[in-house]
Amino acid sequence: MANKSSNWPRLEAIIDWAGMSVNSFAHHIGLSRAENLYQIKSGKNGVSRNLAMRIVEVFPEISAGWLLTGEGSMLASANATTRDIPFYEGDNVWQNLMNLKDLEPTSYVSLPAVGVCDCAVRCNDDAMSREILPGTIAFLRKVDVKSIIPGSICVVVCPDFVVLRRVRFVKSPEGEKLVRLEPANKSFDVMEIPVEKVSNTYCVVGSLKLF
C-alpha cells in the first residue's frame, strides 16, 4: 500500500481531470464537507477503500486500484478515453433542461473524454456569442449552483427562463446571496437573481463548433 503522502497527487489528478475545485468535487461525490479531502492533502489521512469506491461509483472511468495503490493507469481502461454522450436535439430541449431525464436522446456523440459530462445540446442562446455561437454543440455537466466556480459559463435553469451566461456570485444591499448572470454579447443585460430561484445549473465543459 502506498504511503499517505503519495495519496494526494493521485486524488488531485482526478479532481483536475474532473475540472472541479476540491469543495465542488467533495459535494459531487456526496460528501457533506471537503474536510476529509483536505486531511488527505495534508498527509494526515490516506485514501480509504470507502472513499475510493465512492469516487469510482460517480466516476466509473477511474481505476480504484490505481487510486488506492498507484499501480497501473488512472483510467480504468483504454475505452475510458472516449465516451458516448447523450445528444438532445430539437426546439424544446433548451427549455426542458429542467426535466432532461424525461427526454429520449436524439443520438449519442462519441468523443475523447471532456471530463465529467452528462449531455450535449445545441446552443440557441446568442448572449454568449463572442465565445459560444448559436448552433454550437455544448457539452454540459449538471452541478449544484453552490458548487459553481465563479466565472464559469453555465446554462442556468429557472422556472421562467433558461439562459447561457457566465456565472458569478454577489450580495444584495440587504446581504442576500445573488447569482449574477453576465453575457458576453453587450446587447444583453446583466441579470441578478436570488440563488433559491435557480432550479438547475449545467456547467459548459466543452463545445463543438459546426461549420
Side-chain angles (χ1 to χ4, degrees), residues 8 11-12 14-42 44-45 51 54-55 58-59 93-101 114-134 136 138-207:
W8 174 249
L11 185 56
E12 184 179 36
I14 295 171
I15 294 171
D16 290 342
W17 171 84
M20 297 181 178
S21 67
V22 175
N23 289 332
S24 61
F25 182 84
H27 181 83
H28 196 73
I29 64 174
L31 298 178
S32 58
R33 297 183 301 169
E35 181 179 354
N36 186 31
L37 303 187
Y38 285 114
Q39 292 287 337
I40 296 171
K41 184 176 182 179
S42 68
K44 294 180 179 178
N45 291 336
L51 177 62
R54 183 188 289 269
I55 291 172
V58 179
F59 302 106
V93 170
W94 198 255
Q95 297 302 321
N96 280 310
L97 281 172
M98 185 182 299
N99 301 302
L100 198 59
K101 65 181 184 299
V114 289
V116 183
C117 179
D118 295 308
C119 64
V121 298
R122 194 179 301 278
C123 174
N124 67 357
D125 188 330
D126 61 358
M128 297 300 295
S129 57
R130 291 186 178 181
E131 301 179 50
I132 301 179
L133 293 172
T136 296
F139 298 91
L140 308 178
R141 180 182 77 236
K142 188 174 183 179
V143 297
D144 185 274
V145 64
K146 296 177 182 177
S147 299
I148 293 174
I149 299 172
S152 299
I153 298 177
C154 301
V155 177
V156 178
V157 182
C158 297
D160 300 324
F161 60 85
V162 179
V163 294
L164 177 69
R165 299 289 191 277
R166 192 173 297 281
V167 175
R168 302 188 192 279
F169 298 97
V170 297
K171 286 189 176 180
S172 70
E174 295 76 25
E176 181 182 20
K177 188 173 183 179
L178 304 175
V179 179
R180 180 180 172 89
L181 306 175
E182 301 177 347
N185 186 337
K186 299 304 180 183
S187 64
F188 287 78
D189 294 329
V190 172
M191 303 168 63
E192 292 182 356
I193 59 175
V195 171
E196 59 269 19
K197 294 288 187 181
V198 177
S199 302
N200 283 314
T201 45
Y202 294 83
C203 280
V204 177
V205 298
S207 61

Whether S172 side chain and E174 backbone form a donor-acceptor pair below 3.5 Å: yes

What I'd like to find out is whether the side chain of D126 reaches to under 4.5 Å of the side chain of F188, using heavy atoms alone. yes

Applied to residues 187-203, the salt bridge (charged side-chain N to carboxylate O under 4.0 Å, His left out) test, sequence neighbours excluded, yields R180-E192

Say you draw a straight line from CD1 of I132 to SG of C123; how long is it, rounded to the nearest 0.5 Å? 6.0 Å

Which of parallel (below 30°), tilted (30 to 60°) and perpendicular (above 60°) describes F59 and W17? perpendicular

Flag the pair V156 / Y202 as yes when at least one side-chain heavy-atom distance between them is below 4.5 Å, and no otherwise. no

SG of C203 to CG of L140, rounded to nearest 0.5 Å, is 9.0 Å

Under the salt bridge (charged side-chain N to carboxylate O under 4.0 Å, His left out) test, residues paired with E12 that sit two or more places apart: none

Applying salt bridge (charged side-chain N to carboxylate O under 4.0 Å, His left out), name anything that partners D125, two or more places apart in sequence or on another chain. R165

Pick out which of V163, V167, T201, L164 makes a side chain to side chain contact (heavy atoms under 4.5 Å, CB included) with V155. L164

Residues in side chain to side chain contact (heavy atoms under 4.5 Å, CB included) contact with L133, at least two apart in sequence or another chain: S129, T136, K209

Does a donor on one side chain and an acceptor on the other come within less than 3.5 Å for S187 and N185? yes

For E176, what residues pass the salt bridge (charged side-chain N to carboxylate O under 4.0 Å, His left out) criterion, not counting sequence neighbours? none

A184: which residues meet the side chain to side chain contact (heavy atoms under 4.5 Å, CB included) condition with it, sequence neighbours left out? M128, R130, E131

Can you measure from CE (M20) to CD1 (I15) and round to the nearest 0.5 angstrom? 9.5 Å

All side chain to side chain contact (heavy atoms under 4.5 Å, CB included) counterparts of S147, not counting sequence neighbours: S24, H27, D144

First locate atom CZ of R166, then atom CG of L181, and finally report the distance between them rounded to the nearest 0.5 Å. 12.0 Å

Within-4.5 Å side-chain heavy-atom neighbours: F139 and D118: no

Taking salt bridge (charged side-chain N to carboxylate O under 4.0 Å, His left out) as the cut-off, I'd like each qualifying pair that reaches into residues 145-164, sequence neighbours left out, listed once. none

Can you give each donor-acceptor pair under 3.5 Å made by side-chain atoms of residues 30-38, sequence neighbours left out, with the distance rounded to 0.1 Å?
{"unit_1": "R33", "atom_1": "NH1", "unit_2": "E35", "atom_2": "OE1", "d": "3.2"}
{"unit_1": "R33", "atom_1": "NH2", "unit_2": "E35", "atom_2": "OE1", "d": "2.9"}

Point-to-point distance, once rounded to the nearest 0.5 Å, from CZ of F169 to CD1 of I148: 5.0 Å

Nearest-0.5 Å distance that lies between atom CD1 in I193 and atom NZ in K177: 13.0 Å

